[in-house]
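Each remark here refers to the structure printed beneath this line.
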Amino acid sequence: MESSFKYPKDFLWGLATSAGQIEGAATEDGRTPSIWDVFATKPGKIFKGETPTVACDSYHRFDRDLEMLKYIGVNSYRMSISWSRVLPEGTGKLNPLGLDYYKRCFEKLLKANITPNVTLYHWDLPQVLEEKGGWVNRDSIEWFGEYAEKMFREFGDLIPLWTTVNEPIATYVGYALGGFAPGHTNEVWGNQARHNILVAHGKAVEAFREENLKDSKIGVVIDIWKRHAITDSPEDAALVIDEDERNWKFYCDPILAGKYSDYLLDRLTKEGTVMQMKPHDFELTSQTLDFFGLNVYNRVPVSVNAQAKADFSQGGNFLNNRTEYYPDALYEAVKLLHELYDIKIPVYVTENGTYSIGAEKVDENGMVEDDDRIKYVSGFLKSLEKALAEGYDIRGYYLWSLMDNFEWSAGSNFKFGITQLDKETMELKPKKSAYFYKDYINSKK
Ligand code: NOJ
């Protein structure tokens, strides 16, 4: 993609993964199961009954991943820590073998001038804590606070960018909708779990400030999927409000505005699903952050009118995977964060990417020809350039993902990687999009 746009000096170009999706080695070196290890053993939960037991085997192959990061030329890598690898009982005694693994990873990244951007919680709660009620139990706030504090003490300044939790909506999907681990279908639990994780996030930020780390910053990662009305009917306008409130605003409001909206609280109270809250909770949820991590994949067109929805999906601009191609979702999400919350902190786009379903098309040399991903990423990079050109303070962009990995309930069927994982040799092979991203980054350095 030709573009003469000049990125700010020190802009971070990254790739992202998470522990539960790539590490494997689920039972090795003292690690205990996470909720995803257990959920995956339940029939019908994951595509073809797959499990994350081996995944990309990154626990044994970090050097392979590092070589690929260097080859592509990124200067930052977003990864996460597996809570049950470092704290097999969830709280209490640390596991030295788990700590060693991460320490080695971080040191190697730093040596290669690749800034680690490390997430504490990317959906993989230790199963031992789920057995005590998981995120529905208010004690989870303390459990997470303890885990966070221990990680800041162990790794502290080695990590320039920490994030507390990734996409807290996953707790709602896991406790209310059943589609994610731990697979409960209880609306009250779902709301309580997502409230507790937001308070837990604040507890971690508090612990971070107490450590007084000089070379480290902290943020959170929220996904914004802005609803757009398909028609201009008042019903569709109302639906947009309702869905925005129940989705990304549920997380952004307490973090960036220090409260839930009256609309949301009224709605949940009427439904009888409102969560138990304490006044101090909001001091915690709204702790000052150093940056905002934005995951942005798409917008969500909505309508109460089935025919309007059907017409939209016939006429819209779609990729082969049937998701809409709407790159301005990035620009609009950044703008919205400033307009709605007046944020004064920098934004990092901590995830952006797209997937193919099933087998991918290869050329005569066996290279995956993922032209749709190139189209998608090029569009989003233009949108990023537009936001930067308007003066929004964005400090980095992370493409999801370094490699095809365990895409949660979709297992290996949804492939988000810019490199392909050969399941026989466990080697990574760049797809066409990896060369595209490599060239793009190099042209911007
Ligand atoms: C959101 C999540 O953070 C990540 O774990 C997931 O794989 C990607 N988006 C793609 O769905």
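One-based numbering, in listed order, for ligands and for the atoms of each. Quantities reported herein were computed from a predicted structural model and do not represent experimental measurements.
Applying the ring-ring contact (aromatic ring centres under 6.0 Å, His included) test to residues at least two apart or on different chains, the pairs with a partner in residues 181-207 are Y175-H184, H184-W189, H195-Y260, H195-F282.
Residue N166 places at least one N or O, backbone or side chain, under 3.5 Å from an N or O of ligand 1. Between S18 and ligand 1, not a single N/O pair is under 3.5 Å apart.
Between the side chains of N295 and Y398, no donor-acceptor pair is found at a separation under 3.5 Å. Between S412 and E50, the side chains place a donor N or O and an acceptor N or O closer than 3.5 Å (distance only, hydrogens not considered).
The contact set between ligand 1 and F416, taken as ligand atoms under 4.0 Å from a residue heavy atom, comprises 10 (C), 11 (O). Contact atoms of ligand 1 toward H122: 2 (C), 3 (O), 4 (C), 5 (O) (distance under 4.0 Å to a heavy atom of the residue). Residue contact check: E407 has heavy atoms under 4.0 Å from atoms 6 (C), 7 (O), 10 (C), 11 (O) of ligand 1.
The single protein non-hydrogen atom nearest to atom 9 (N) of ligand 1 is E351 OE1, 2.9 Å, given as residue, atom name and distance.
Among residues two or more places apart in sequence or in another chain, the salt bridge (charged side-chain N to carboxylate O under 4.0 Å, His left out) test is passed with K226 by D244.
Of the charged side-chain nitrogens involved, at least one lies within less than 4.0 Å of a carboxylate oxygen, so that R267 and D242 count as a salt-bridged pair.
Crowding of K103 atom NZ: a count of heavy atoms from other residues, nucleotides or ligands under 6.0 Å not exceeding 12.
Of the heavy atoms in F414, none comes closer than 4.0 Å to ligand 1. Counting heavy atoms under 4.0 Å from ligand 1, residue N405 does not touch it at all. Contacts of Y355 with ligand 1, taken as heavy-atom pairs under 4.0 Å, are absent altogether.
Just one of D404, D363, D370 meets the salt bridge (charged side-chain N to carboxylate O under 4.0 Å, His left out) condition when paired with K431; it is D404.
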